[in-house]
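Data first, discussion second: the structure below is written as structure tokens.
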Number of protein chains: 2
Amino acid sequence: MARRTQADRSESTTGEIVDAAITLFGRDGYPAVSIDGIARAAGVTKGAVYHHFDGKTALLRAAFLHQEQRRALLLREAAAGSPDALAAVRAGCAAFLHSCLDPAVRQILLLDGPAVLGWQEVREIEAEHSVALLRRGLGAAVDEGRLRPGDLGIRTHLLLGALCEAGMLLARHADPTAALAAVTREVDALLDAFATPTGA
Amino acid sequence: MARRTQADRSESTTGEIVDAAITLFGRDGYPAVSIDGIARAAGVTKGAVYHHFDGKTALLRAAFLHQEQRRALLLREAAAGSPDALAAVRAGCAAFLHSCLDPAVRQILLLDGPAVLGWQEVREIEAEHSVALLRRGLGAAVDEGRLRPGDLGIRTHLLLGALCEAGMLLARHADPTAALAAVTREVDALLDAFATPTGA
DNA sequence: TGACATCACATACTAACGGTACGTAAGTTG
DNA sequence: CAACTTACGTACCGTTAGTATGTGATGTCA
């Protein structure tokens with residue numbers, strides 16, 4: 001037993017490489033991390049990295065995707081069990097901000113991702129995960145009559161931009177967890193911009 | 001006449017270096033630009049660049065500062081002559097979005113700046129220029145009773161984040177100038193979030 | 001006004017890093 | 001078991017950020 005098939009090896013190796021990439025990129029930032037450093041942290045050599053990934057940007061892409069999928073999962077969990085769509089959106093926003101307490105999330109998802117992969121690609125990836133949840137939530141809230149109709153695409157992006165900025169804002173506070181409450185409050189107030197008069 | 005003093009030479013050389021940096025960084029992005037490339041575009045050698053600037057990041061810092069000062073100037077001009085503070089904020093937001101039609105502004109101020117200089121430093125620079133205008137405008141609108149009071153620091157950042165995201169959003173439209181109208185409309189709606197019930 | 005100091009660069013070089021070429025052992029398939 | 005593929009390791013190349021040093025023009029002072 002315990003036969004190490006090639007697929008097993010490949011999968012575990014790529015997994016460790018991605019883990020190392022997330023750790024190093026998340027801690028030191030993309031430009032300060034060398035591929036040799038990632039390889040060393042993963043216990044392999046640069047050759048192994050280049051066998052599994054096309055290059056340094058592909059490495060960041062994998063790290064970004066991993067973090068983004070995880071964030072989408074957290075958003076889903078936070079929104080589950082909400083009484084209505086607007087409450088789900090509020091819970092999702094709170095979870096979004098909470099995820100930004102992780103420095104690696106800020107570094108990879110908010111800073112290096114857009115700069116290295118480009119804004120366009122980053123938003124396309126997010127549009128399939130966390131941002132899709134946000135957008136669907138806003139749409140459902142409109143359907144429920146809790147939010148005023150409007151251009152949902154633009155509105156989602158405005159909210160996303162505010163959330164990303166708020167997430168970075170948390171980091172520079174001495175006590176980010178305490179700041180989380182104040183920021184969440186203002187974000188809730190912002191959501192009221194699109195609420196129907198009766199819905200407040 | 002036309003005595004070229006050393007201070008003159010120094011000033012004009014640094015000016016051309018910064019101009020070249022803005023052009024190249026703005027077109028190709030920070031990582032794809034070499035210092036030799038900037039030096040060549042400025043008509044000097046790498047030695048001259050390193051004589052005037054501490055390194056590549058200092059070069060981006062100078063480009064960032066230049067663009068940011070220019071943006072602050074545009075915001076001031078746009079807001080001048082507004083009947084009240086809230087109108088001034090709306091005009092400033094529109095001008096902010098308009099400035100994002102320039103690819104170099106997006107690349108340097110929105111993408112490379114935060115990634116290379118760090119979010120903290122970027123926001124500190126902006127806090128002395130365009131963001132100061134935004135914040136003072138919001139404060140004045142609160143004083144005039146047009147906006148609900150609240151945490152002005154957080155609120156300014158939420159608005160800034162939404163504006164930056166909206167600015168990037170403009171770029172991927174086939175006709176950015178047309179999209180500008182739709183985005184500006186939604187941003188105005190967002191400002192209503194903080195407007196007093198009577199102020200709408 | 002001539003000697004000397006300083007400034008504004010140019011040139012030559014080093015070290016590090018992204019990426020490629022190639023070799024090899026382990027695994028897979030007919 | 002032979003032919004082939006996969007999963008790496010090793011050695012190398014080109015580029016680039018940064019440094020060390022040289023040089024000529026400019027400013028200063030006796």
Side-chain angles (χ1 to χ4, degrees), chain A residues 1-25 27-64 108 112-113 115-118, chain B residues 1-25 27-64 108 112-113 115-118:
Chain A
M1 62 187 176
R3 268 286 297 296
R4 289 276 287 180
T5 168
Q6 285 199 69
D8 285 344
R9 287 186 61 186
S10 182
E11 189 181 353
S12 84
T13 299
T14 49
E16 290 187 38
I17 292 174
V18 170
D19 283 349
I22 290 175
T23 301
L24 295 184
F25 284 150
R27 194 188 61 190
D28 303 330
Y30 181 83
V33 173
S34 73
I35 294 188
D36 277 313
I38 291 178
R40 207 176 313 123
V44 294
T45 63
K46 193 160 64 171
V49 174
Y50 272 94
H51 176 72
H52 291 286
F53 299 92
D54 272 347
K56 197 181 179 187
T57 71
L59 222 38
L60 181 69
R61 202 187 323 271
F64 185 94
I108 295 175
D112 288 334
V116 175
L117 306 176
Chain B
M1 62 188 178
R3 267 286 296 297
R4 288 274 288 180
T5 169
Q6 285 196 15
D8 285 343
R9 284 187 62 188
S10 183
E11 188 181 355
S12 84
T13 301
T14 48
E16 290 187 38
I17 291 174
V18 170
D19 284 349
I22 291 176
T23 301
L24 295 183
F25 284 150
R27 194 188 61 191
D28 303 330
Y30 181 82
V33 174
S34 73
I35 294 187
D36 276 314
I38 292 178
R40 206 176 314 125
V44 295
T45 63
K46 194 161 61 171
V49 174
Y50 273 93
H51 177 72
H52 291 287
F53 299 92
D54 272 346
K56 197 180 178 187
T57 70
L59 222 39
L60 181 69
R61 202 188 323 272
F64 185 95
I108 294 175
D112 289 334
V116 175
L117 306 175

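All values below were derived from every heavy atom in this structure, side-chain atoms included, with hydrogens, water molecules and symmetry-related copies excluded. Every chain is numbered from 1, with letters handed out A, B, ... down the list of sequences.
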Pair listing, salt bridge (Lys or Arg N to Asp or Glu O under 4.0 Å) test, anchored in residues 28-40 of chain A, at least two apart: A:Asp36-A:Lys46
Below 4.0 Å: OP1/OP2 of D:dA7 and any side-chain N or O of A:Thr13: no
Integer-rounded Å distance: C:dT6 C1' and B:His51 NE2: 10 Å
Separation between CG of B:Leu117 and CG of B:Leu60, rounded to the nearest 0.5 Å: 4.5 Å
Short side-chain N/O contact to C:dC9 OP1/OP2 from B:His52, under 4.0 Å: yes
Within residues 13-23 of chain B or reaching into it, pairs that qualify as salt bridge (Lys or Arg N to Asp or Glu O under 4.0 Å) - sequence neighbours excluded: none
A:Phe64: ring-ring contact (aromatic ring centres under 6.0 Å, His included) partners, not counting sequence neighbours: none
Strand-adjacent residues in residues 18-25 of chain B, judged by heavy atoms under 4.0 Å from DNA chain D: none
Shortest non-hydrogen contact from B:Thr45 toward B:Ala39: C-CB, 3.5 Å
Distance, rounded to the nearest Å, where A:Ile38 contributes CD1 and D:dG9 contributes C1': 18 Å
Sugar-phosphate or base contact per nucleotide [nucleotides 11-18 of chain D; S, B, -; heavy atom under 4.0 Å]: ------BB
d(CZ, A:Phe53; C1', C:dG18) in whole Å: 16 Å
Rounded distance in Å - CG (A:Leu59) to C1' (C:dG19): 13 Å
All side-chain contact (heavy atoms from CB on, under 4.5 Å) counterparts of B:Ala20, not counting sequence neighbours: B:Ile38, B:Ala41, B:Ala42
Candidate nucleotides D:dC8, C:dC9, C:dA10, ranked by approach to the side chain of B:Thr45 - the nearest: C:dA10
Flag side-chain contact, heavy atom, 4.5 Å: B:Ser34 against B:Leu24: no
Summary of side-chain hydrogen bond (donor to acceptor under 3.5 Å, both in side chains) pairs that have at least one residue in residues 51-61 of chain A, sequence neighbours excluded: A:Arg61-A:Glu121
